[in-house]
Student: 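Below: one structure in structure tokens.
Sequential numbering from 1 along the given sequence is applied to the chain's residues.
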Amino acid sequence: MAVLIDYENLALGTGRRKRNGHQEAGPRPDVKRIFERLVDKGRIVAKRAYCDWQRFDDAITPLHELGIELIEIPDRAYTGKNSADIRLSVDAVEMCLTRDHIDTFAILSGDSDFSPLVAKLKEFGKTVIGVGMKESTSPLLSENCDEFIFYEDIVASTGVPDFTGKVPKDKHECYQLLFETIDALEHETESAVLASRIKDTMRRKRPQFSERTYGYRSFTNLLREAAKLGFLEIHTDPKSGTVVVDGFKE
């Protein structure tokens, strides 16, 4: 998957519109949470963000820490056009035509100007996922993507059960990652989820993750403990012997 970010659109989307019609920036968007949602869908191999970074200099360090390549775009006042849209679109088409291993594009923007790009990527057989704010996303864009995820739904509190009373504090981070991953995968499929898929997704979110760090001999032992504590419904596939997670207990 390639993730391409129209950062100005994303940042302004968290703000509100002034009386003079201009949009003011709100809280810095939590790009890390967006990435954690996207890795549920596949491995991210390219990450680029486009913006006049002098306007959002407080975002530079957090984005660098996520391994995002920052593309400097001159201020629109000097160019007379939205250069970020143009550069992002050119890069997307170049990746589409030259990098066969990229089969999914995530466009982080709500701008309707990207609708022709979405159509062209789909014409070449690529899957396009959009991410944007509810108030600032054009229906022309959201309805043309294969899937569109609203930022507010990503950062909203999930249906993850409260485990803090039953799980030791040193395992809270492990359980939080496990339950958030299962919750996200349940939205991706209506069927039960293999333990191997859950672990692979957790490691895409946190490459350093290992169940042994938290005292488990195997990932299966972690799932069985979670089930024993009353959080998960699991069963063992009779053919492969693999543990399968049916979902959270009601």
Student: Look at the side chain of Arg28 and the backbone N and O of Asp58, then say whether any donor-acceptor pair between them is shorter than 3.5 Å.
Tutor: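 A pair under 3.5 Å: yes.
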Student: Looking only at heavy atoms, which two atoms of Thr98 and Glu94 are closest? And how far apart?
Tutor: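 In terms of heavy atoms, the two residues are closest at OG1-O, 2.6 Å.
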Student: Atom NZ of residue position Lys249 - does it have more than 12 heavy atoms of other residues, nucleotides or ligands inside 6.0 Å?
Tutor: yes
Student: Would you confirm whether Asp183, through its side chain, and Val160, through its main-chain N or O, come within 3.5 Å as a donor-acceptor pair?
Tutor: no
Student: Is Asp91 paired with Arg87 through a side-chain N to carboxylate O contact shorter than 4.0 Å?
Tutor: yes
Student: Would Lys134 and Asp153 pass as an ion pair if we require N to O under 4.0 Å?
Tutor: yes
Student: CD of Glu135: more than 12 outside heavy atoms within 6.0 angstrom?
Tutor: no
Student: Between Glu211 and Arg203 (salt bridge meaning N to carboxylate O under 4.0 Å), is one present in this structure?
Tutor: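 No, no charged N to carboxylate O under 4.0 Å.
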Student: Ignoring hydrogens and geometry beyond distance, is a side-chain donor-acceptor pair present between Tyr214 and Glu173 at under 3.5 Å?
Tutor: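 A pair is found: one side chain offers a donor N or O, the other an acceptor, under 3.5 Å apart.
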Student: Ion pair present between Arg206 and Glu36, side-chain N to carboxylate O less than 4.0 angstrom?
Tutor: yes
Student: Please name all residues satisfying side chain to side chain donor-acceptor pair (under 3.5 Å) with Arg37, sequence neighbours left out, ordered by chain then number.
Tutor: Glu188
Student: Answer yes or no: is there a donor N or O on one side and an acceptor on the other, between the side chain of Lys122 and the main chain of Asp146, under 3.5 Å?
Tutor: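 No; judged by distance alone, with no hydrogens or angles, the pair does not exist.
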Student: Got a sec, which residues hit side chain to side chain donor-acceptor pair (under 3.5 Å) with Lys120, two or more places apart in sequence or on another chain?
Tutor: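 Per chain and number, Lys120 pairs via side chain to side chain donor-acceptor pair (under 3.5 Å) with Glu123.
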Student: Judged by atom type as modelled, is there a donor-acceptor pair below 3.5 Å linking the side chain of Tyr175 to the main-chain atoms of Thr164?
Tutor: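 The answer is no, because no donor-acceptor pair under 3.5 Å joins these two groups.
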Student: Show your reasoning for whether side chain to side chain donor-acceptor pair (under 3.5 Å) applies to Tyr216 and Lys171.
Tutor: CA-CA 11 Å; Tyr216 301 101; Lys171 295 182 179 181; 3.3 Å; yes
Student: Mind running side-chain contact (heavy atoms from CB on, under 4.5 Å) on Val167 and Phe231 for me, showing each step along the way?
Tutor: CA-CA 11 Å; Val167 177; Phe231 297 120; 4.1 Å; yes
Student: Any salt bridge linking Glu69 with Lys47? Criterion: basic side-chain nitrogen under 4.0 Å from a carboxylate oxygen.
Tutor: no
Student: Just wondering, more than 12 heavy atoms not from Arg43 lying within 6.0 Å of its CZ?
Tutor: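 Not more than 12 within 6.0 Å, no.
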Student: Do side-chain atoms of Trp53 reach the backbone of Ala59 as a donor and acceptor pair under 3.5 angstrom?
Tutor: no
Student: Check side chain to side chain donor-acceptor pair (under 3.5 Å) between Ser112 and all other residues, then give those that pass, not counting sequence neighbours.
Tutor: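 By the side chain to side chain donor-acceptor pair (under 3.5 Å) rule, Ser112 matches no residue at all.
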Student: Using 30° and 60° as the class limits, which term best fits the ring planes of Phe163 and Phe179: parallel, tilted or perpendicular?
Tutor: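 Perpendicular.
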Student: What heavy-atom pair brings Asp113 and Pro116 nearest, and what distance separates the two atoms?
Tutor: O-CD, 3.3 Å
Student: Report yes or no: does Arg204 contribute a side-chain atom to a donor-acceptor pair with the main-chain N or O of Val39 at less than 3.5 Å?
Tutor: yes
